[in-house]
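Data first, discussion second: the structure below is written as structure tokens.
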Amino acid sequence: MRSHKVTRGLDRAPHRSLFSAAGFHPRELEQPLIGVVNSANEIVPGHIHLHDIADAVKAGIRMGGGTPLEFSTIAICDGIAMNHAGMHYSLASREVVADSVELMVEAHCFDALVFITNCDKITPGMMMAAARLDLPAIIVSGGPMLSGEYDGKKIDLSKMFEGVGAVRAGRMSEGELEEMAACACPGCGSCAGMFTANSMNCMAEALGIALPGNGTIPSVSSARIRLAKEAGMRIMDLLHEDIPIKQILGPKAFENALAVDMALGCSTNTLLHLTALAYECDIILDLNQVNIISERTPQLCLLSPAGPNHIEDLARAGGVPAVMKELANANLLHEDLLTVTGKTLAFNISDARNNDYSIIHSVKEPYRDQGGLAVLFGNLAPGGSVVKQGAVLASMQRFEGTARVFDSEESAVLAINNNEIKAGNVVIIRYEGPRGGPAMREMLAPTSVLAGMGLDDKVALITDGRFSGATRGSSIGHVSPEAAVGGPIALVQDGDTILIDLPGRKLDLKITEEQLSERRDKWQKPEPKIKHGYLKRYASMVSSASLGAVLSEVPNQKTGD
């Protein structure tokens with residue numbers, strides 16, 4: 001046991017004295033020490049109840065014969081950080097989460113780990129830490145929030161951002177917006193749609209590193225507490241069976257995750273985080289592979305923001321296991337892979353049942369013949385760009401428009417609010433990438449305001465930043481290489497024609513190579529937006545979005561490789 005380095009032998013008497021000071025009985029030190037990583041805090045709705053989940057996990061560990069030791073890490077609420085300087089810190093916090101867990105675990109010699117998480121960057125950060133440490137580990141989410149209700153309709157956080165646009169367009173009063181604000185988010189949990197948080201919690205299931213139900217059991221259900229206890233007991237089995245997490249996280253597990261991603265219609269951010277997780281596993285997740293899997297995998301669910309259904313509806317219909325069962329029946333999954341249940345995926349989903357074909361469509365009658373995400377390439381994005389094609393209207397699947405160029409999110413939002421964006425425009429928001437942003441701010445405000453103004457079927461938006469999972473419409477992000485390193489998006493000018501072709505997987509700036517070369521010769525690298533603190537260090541080390549925006553030896557970003 002790793003923990004013997006701090007609990008056993010003559011030389012470890014000083015260490016035992018410190019455990020004694022913390023109230024541990026000698027009997028507890030004879031058992032395996034299980035780290036319980038908890039990101040609970042009092043500001044993030046998805047985290048305010050995680051102490052209850054942690055208590056359940058620790059009860060399960062004790063029932064399994066282990067000694068739980070809980071410690072914390074940070075968590076940022078993307079919704080509260082949205083549309084101001086705070087959003088610079090969101091994606092960058094993913095690396096802090098991973099690094100802080102690594103530091104705690106390596107310093108204190110835990111034998112195995114249970115990660116208690118929720119929300120956008122925390123779940124992928126913990127998954128990255130789990131892979132980096134390669135110990136027996138299980139991911140346990142706090143579960144999704146229930147949807148709210150306003151004017152007889154189900155709503156969630158995305159409707160609040162769209163409501164701002166509706167007020168500006170004169171389609172809703174401020175009083176109505178405030179009434180909606182009191183109803184949209186009714187309690188604890190990760191926001192109720194298939195946004196990034198719930199997408200990644202479902203990905204943990206699909207990868208096999210979380211128990212069935214992790215992604216969809218509502219936060220307020222007693223089943224969530226029972227799942228947490230089961231995870232605590234199960235981690236002891238994984239430890240005794242000597243199953244480290246990389247034994248589960250192989251290349252085929254990532255192929256399964258991408259297939260489930262496509263079927264569910266997940267957030268574009270899943271590609272950023274799955275790529276980063278693959279990096280921690282020494283696996284290359286090629287963006288061309290994403291298109292291959294998308295083209296063969298139908299979209300089976302249409303969840304908010306793409307459709308009217310929410311995660312609670314997916315849970316009632318059978319959850320991720322039911323979706324995986326539909327895919328497996330069409331030979332679209334690798335079923336022989338080991339999972340944290342100690343059983344294969346095939347065993348896990350053998351009893352799964354689709355309880356509602358209006359929520360989870362069959363492979364024979366899908367919402368779409370192709371998956372929810374697509375990667376576009378072209379002279380505007382030679383390193384790739386990502387779109388949630390399942391949330392794009394049919395009329396916008398192929399779109400040619402006139403560029404309106406902005407060098408920050410703020411200037412774009414100002415133009416939108418001043419009614420300067422017209423039908424047929426392609427809004428370009430650049431210098432918001434991993435380095436230029438820095439840290440790829442989410443663009444939920446501009447996309448939601450456009451949708452609220454009724455322009456989501458007439459205007460496209462392209463950025464080297466990224467979008468919230470709550471975004472819908474023709475919103476293309478992660479453009480690589482980014483503007484800050486001289487990528488082609490830095491060379492676009494007002495009035496240029498942009499071609500967006502989702503079926504053809506193309507994103508092109510319609511000017512000649514000679515014109516592009518002339519503009520490139522005149523381009524000057526801008527001054528960094530933030531010149532101090534953590535983000536200064538982050539911007540100097542972060543890789544391209546096409547590589548997951550990981551901190552590493554920085555590759556050749558001019559090519560996006």
Within a radius of less than 6.0 Å around [atom1] of [X], do more than 12 heavy atoms belonging to other residues, nucleotides or ligands occur?
| X | atom1 | answer |
| --- | --- | --- |
| K154 | NZ | yes |
| F347 | CZ | no |
| L18 | CG | yes |
| I284 | CD1 | no |
| D351 | CG | no |

Might you point out which heavy atoms bring [X] and [Y] nearest each other, and give the distance in Å?
| X | Y | result |
| --- | --- | --- |
| I155 | A184 | CD1-CA, 3.6 Å |
| L207 | A253 | CD2-O, 3.6 Å |
| L274 | F254 | O-CE2, 3.6 Å |
| L444 | S468 | CB-CB, 3.7 Å |
| I122 | S39 | CG2-OG, 3.5 Å |
| L327 | L333 | CB-CG, 3.9 Å |

Kindly compute the distance separating CG (L547) from OG1 (T275), expressed to the nearest 0.5 Å.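 Going from the CG atom of L547 to the OG1 atom of T275 covers 8.0 Å.
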Give the C-alpha distance, both sets of side-chain angles, the deciding distance and a yes or no for side chain to side chain contact (heavy atoms under 4.5 Å, CB included) between C301 and N309. CA-CA 9 Å; C301 301; N309 300 317; over 6 Å; no
Salt bridge (charged side-chain N to carboxylate O under 4.0 Å, His left out) assessment of K58 paired with E70: CA-CA 8 Å; K58 290 187 285 187; E70 181 181 350; 2.6 Å; yes
Answer yes if the side chains of [X] and [Y] hold a donor-acceptor pair under 3.5 Å, and no otherwise.
| X | Y | value |
| --- | --- | --- |
| D156 | S147 | no |
| T123 | N118 | no |
| D336 | T344 | no |
| D120 | N269 | no |
| S72 | N38 | no |
| R94 | H273 | yes |
| S199 | S267 | no |
| K388 | T268 | no |
| E442 | S90 | no |
| R224 | S141 | yes |
| R16 | S20 | no |

Side chain to side chain, [X] and [Y], heavy atoms closer than 4.5 Å:
| X | Y | result |
| --- | --- | --- |
| V320 | P212 | no |
| M194 | S304 | no |
| L314 | I360 | yes |
| V290 | M262 | yes |
| M126 | T73 | yes |
| S543 | V550 | yes |
| L113 | L133 | yes |
| P434 | S544 | no |

Is a side-chain N or O of [X] found less than 3.5 angstrom from the main chain of [Y], in a donor-acceptor match?
| X | Y | result |
| --- | --- | --- |
| H84 | I80 | yes |
| R441 | G465 | no |
| S190 | N198 | no |
| N256 | H334 | yes |
| H310 | E312 | no |
| S100 | V96 | yes |
| R435 | A539 | yes |

Stepwise salt bridge (charged side-chain N to carboxylate O under 4.0 Å, His left out) check, E241 with R234: CA-CA 10 Å; E241 294 161 12; R234 185 62 209 146; 2.9 Å; yes
Parallel, tilted or perpendicular: rings of F19 and F24 (30°, 60°):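 Judged by the thresholds at 30° and 60°, the geometry between F24 and F19 is perpendicular.
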Steps toward side chain to side chain donor-acceptor pair (under 3.5 Å) verdict (R8, S3): CA-CA 8 Å; R8 300 288 177 89; S3 60; over 6 Å; no
Salt bridge check, R132 against E106: does any charged N sit closer than 4.0 Å to a carboxylate O?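 The answer is no: the pair does not qualify as a salt bridge.
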Determine whether the aromatic ring centres of residues F195 and F467 are separated by less than 6.0 angstrom.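 No, the ring centres sit 6.0 Å or more apart.
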Pair K325-E335, salt bridge (charged side-chain N to carboxylate O under 4.0 Å, His left out): steps then yes or no: CA-CA 10 Å; K325 185 73 171 285; E335 295 184 70; over 6 Å; no
